[in-house]
Each structure stands twice: as C-alpha cells, then as structure tokens.
Amino acid sequence: MKNQRKMSNKKKARIAGLLYLVVVLTGIFSLAYVPSQLIVWDNALVTFNNIKGAEFLFRLGMVSSLICYTFFLFLPLALYRLLKSVQATYAKLMVILAVVSVPISFINIQHKYAVLSIVNGYNNAKVYTGTQLQDQVLFHLNQYDNGNLIVQIFWGLWLFPFGYLVFKSGVIPKFLGVLLMLGCFSYLINFLGFSLGSNYSDLGISSFIQLPATLGEIGTCLWLLIMGAKEKQSVTPLEALNN
C-alpha cells in the first residue's frame, strides 16, 4: 500500500511537470523568441515587413500562446492535487490567482489577430496609407504588450502560495519554494517599474529582477518531471505528541 501511494504521488508530480514543461516551452517561444525575430519596437516599417515576410512564424507564435494559456489553465489544478494536503487555503488561492490570468490572456491575443488582418490588407489599402497601416500594426503589438503587463500581476501573485506550498511540502526541495516566492515579487517589481517609469526598459535590469521567477519555475518544472515528488513520511502518534 505504501509503494502504491508513493507511485501515485510521483505520477501526480510528473503530470504537473509535463503540463509545466509545455507552458514553459510555448511561453518562451511565443513571448521571447518570436518577438525577438519579428518586432522592432521603434521601427514600424521593419516590423510590418518582418511579419509580412514571416507570417507563418507570427501565426505559429499565436498558436503557441494559445497552447500555453490552455495548459496554464490545467497546471494549477494538477498542482492542487499534489499540494492540497499541505495547506488547503493556500492551494485554493494558488489555483484562483493562476486561473484568473487565463481569460485575460485569451482576450489579449485578439490584438495579434488584428495585426494579421492589417498585414493581409483586408480592404485597408483603400482607406489607409502604407505608413498608417504600419503604425496600426505597431499600435496593436504595443497594446498586446500592455495586456501582458497587466497579466503579469497574476503571473506573479500565484507564485507566492505555490512557493509556500512547495517550501512546506517536504516532497519538493525548499530552495525551489524560496525562489518561487521571490519570483512573485520579481513580477510585481517589473510590473510597477514598467507602469511607473517610462524609461524602465532602458535600465536593463528587468531580466535580472526576473531571474528568481525564471529559475524557480524552470527548476520546479524539471524537478517534478524528472524526480517526481517523494512520499511524505507519516508521523507516528508518539512523534505527534512530542511535536
């Protein structure tokens, strides 16, 4: 019976790890790789031509985003099954804060569909000049980026109860829980920096501030996927009295 419980716990962990891996890989591709290849934030013409010339990559990034958000809907539910015995209230809070971000992300992706409509010129060429179309593309990309900035509030907040559960669980290394809790503040600091300071991006510190969240999430993902989660040892009545 003990071995069956242990295998069950490992299975839960690896399912969560697999979901997390999909979220991480599709997130990196859609939020980092594709924009780095296509978007030049201070040059509307180059951005327009890049997207028009590599439209499939742009579309692939959109699909990757939708896959990411869909799997992120199921990820906290899988983690809840694994960690709810640690502290039920924190486990529920983790799920709520993560799931809230998903509909916002889905709505936000409409800006990229608008970009496709402009690039493909659906009756726009007779109404707008080339420069105006290029400016519209950059406008929608900026709006999409602003939407992601808002979602970062929840991408950060869910990490605190998640990190706390990991720290207290005894089945996943505590240092990963610490990194996840620090990652919560990483997201929030960057959100405030980008929202309050017009030149925050020029400082070049956002990626360093984001480091605890990056290491914590990728580290936890790989640990769950490769190592699973060990079964928490039961406490005898005598040990419970002594504690």
Problem set entry | Pair Leu75-Val22, side-chain contact (heavy atoms from CB on, under 4.5 Å): steps then yes or no | CA-CA 10 Å; Leu75 171 61; Val22 175; over 6 Å; no
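- Proximity of a side-chain donor or acceptor of Lys10 to a complementary backbone N or O of Met227 within less than 3.5 Å is detected.
- Within a 6.0 Å radius of CZ in Phe71, no more than 12 heavy atoms belonging to other residues, nucleotides or ligands are found.
- Put simply, the side chain of Ser195 never gets that close to the backbone of Leu192: no donor and acceptor are under 3.5 Å apart.
- With contacts defined as side-chain heavy-atom distances shorter than 4.5 Å, the pair Leu21/Leu224 does not qualify.
- Note on Ile109 and Phe139: separate hydrophobic clusters, where clusters join Ile, Leu, Val, Met, Phe, Trp and Tyr whose side-chain heavy atoms are under 4.5 Å apart, directly or indirectly.
- Put simply, the side chain of Thr47 gets close to the backbone of Val40: a donor and an acceptor are under 3.5 Å apart.
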Problem set entry | Working for side-chain contact (heavy atoms from CB on, under 4.5 Å), residues Ile51 and Val137 | CA-CA 9 Å; Ile51 295 173; Val137 164; 4.0 Å; yes
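- A continuous path of hydrophobic side-chain contacts links Phe56 to Leu38 [ILVMFWY only; heavy atoms under 4.5 Å].
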For this session: Please test Phe29 against Cys68 for side-chain contact (heavy atoms from CB on, under 4.5 Å), starting from the C-alpha separation and ending with a verdict.
Result: CA-CA 10 Å; Phe29 181 77; Cys68 178; over 6 Å; no
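- Here the closest heavy-atom approach between residue Leu66 and residue Thr70 is recorded as O-OG1, 2.7 Å.
- In the displayed structure, Tyr113 atom OH is contacted under 6.0 Å by at most 12 heavy atoms of other residues, nucleotides or ligands.
- Side chain of Asp145 to main chain of Leu141: no donor-acceptor pair is present (N/O by atom type, distance under 3.5 Å, no hydrogens or angles).
- When side chains are defined from C-beta on, Leu157 counts as touching Leu188, because their heavy atoms get closer than 4.5 Å.
- Of all heavy-atom pairs spanning Tyr187 and Gly156, the tightest one is CB-CA, 3.5 Å.
- The two residues Ser30 and Gly61 make their nearest non-hydrogen contact at CB-O, 3.4 Å.
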For this session: With side-chain contact (heavy atoms from CB on, under 4.5 Å) as the test, would you mind laying out the steps for Leu57 and Gln37 before giving the verdict?
Result: CA-CA 9 Å; Leu57 178 61; Gln37 298 300 304; 4.0 Å; yes
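- If you chain together hydrophobic residues whose side chains sit under 4.5 Å apart, Ile107 and Phe154 never meet in one group.
- In terms of heavy-atom proximity, Pro161 sits nearest to Leu97 at CG-CD1, 4.2 Å.
- Taken from CG in Leu182 to CZ in Phe175, the straight-line distance is 13.0 Å, to the nearest 0.5 Å.
- At a threshold of 4.5 Å between non-hydrogen side-chain atoms, the residues Val102 and Phe106 count as touching.
- In this structure, Gln152 contributes its side chain and Trp155 its backbone to no donor-acceptor pair below 3.5 Å.
- When the side chain to side chain donor-acceptor pair (under 3.5 Å) test is applied to Ser64, no partner is found at least two apart in sequence or on another chain.
- From Cys221, atom SG reaches atom CD1 of Ile226 across 8.5 Å, with rounding to the nearest 0.5 Å.
- Other residues, nucleotides and ligands contribute over 12 non-hydrogen atoms within 6.0 Å of the NZ atom of Lys174.
- With sequence neighbours left out, the side chain to side chain donor-acceptor pair (under 3.5 Å) criterion links Ser186 to no other residue.
- The two residues Leu18 and Leu225 have their closest heavy-atom pair at N-CD1, 3.6 Å.
- Using a 4.5 Å heavy-atom threshold, the side chains of Tyr80 and Lys92 count as touching.
- Taken from CG in Leu149 to CG in Asn108, the straight-line distance is 10.5 Å, to the nearest 0.5 Å.
- Without hydrogens or angle criteria, Thr220 side chain to Glu217 main chain gives no donor-acceptor distance under 3.5 Å.
- Proximity of a side-chain donor or acceptor of Lys112 to a complementary backbone N or O of Met62 within less than 3.5 Å is not detected.
- One N or O on the side chain of Asn43 and one on the backbone of Val46 form a donor-acceptor pair closer than 3.5 Å.
- Counting only distance, with no hydrogens or angles, the side chain of Arg81 and the backbone of Lys12 share no donor-acceptor pair below 3.5 Å.
- Contact of the Leu159 side chain with the Met181 side chain is not registered, since no non-hydrogen atoms from C-beta on lie closer than 4.5 Å.
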Problem set entry | Worked verdict on Gln210 versus Asn190 for side-chain hydrogen bond (donor to acceptor under 3.5 Å, both in side chains) | CA-CA 8 Å; Gln210 193 72 23; Asn190 276 339; 3.0 Å; yes
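- Atom NZ of Lys52 and atom CG of Asn49 lie 9.0 Å apart (nearest 0.5 Å).
- Ring geometry for Trp158 against Phe72 counts as perpendicular: the plane angle is over 60°, on a 0 to 90° scale with 30° as the lower cut.
- Linking ILVMFWY residues whenever their side-chain heavy atoms come closer than 4.5 Å, directly or via other members, leaves Val115 and Leu45 in distinct clusters.
- Hydrophobic clustering (ILVMFWY, side-chain heavy atoms < 4.5 Å, transitive): Leu203 and Ile209 are in one cluster.
- Between Asp135 and Ala44, the shortest heavy-atom distance links the atoms OD1-CB, 3.7 Å.
- Between His111 and His140, the ring-plane angle classifies as tilted under the 30° and 60° cut-offs.
- Judged by distance alone, the side chain of Asn146 and the main-chain N or O of Asn142 form a donor-acceptor pair under 3.5 Å.
- For the side chain to side chain contact (heavy atoms under 4.5 Å, CB included) with Pro76, the lone residue among Leu19, Val95, Leu83 that qualifies is Val95.
- Taking CD1 of Ile150 as the reference point, atom CZ of Phe194 lies at 14.0 Å (rounded to 0.5 Å).
- Atom CZ of residue Phe162 and atom SG of residue Cys184 lie 13.0 Å apart, to the nearest 0.5 angstrom.
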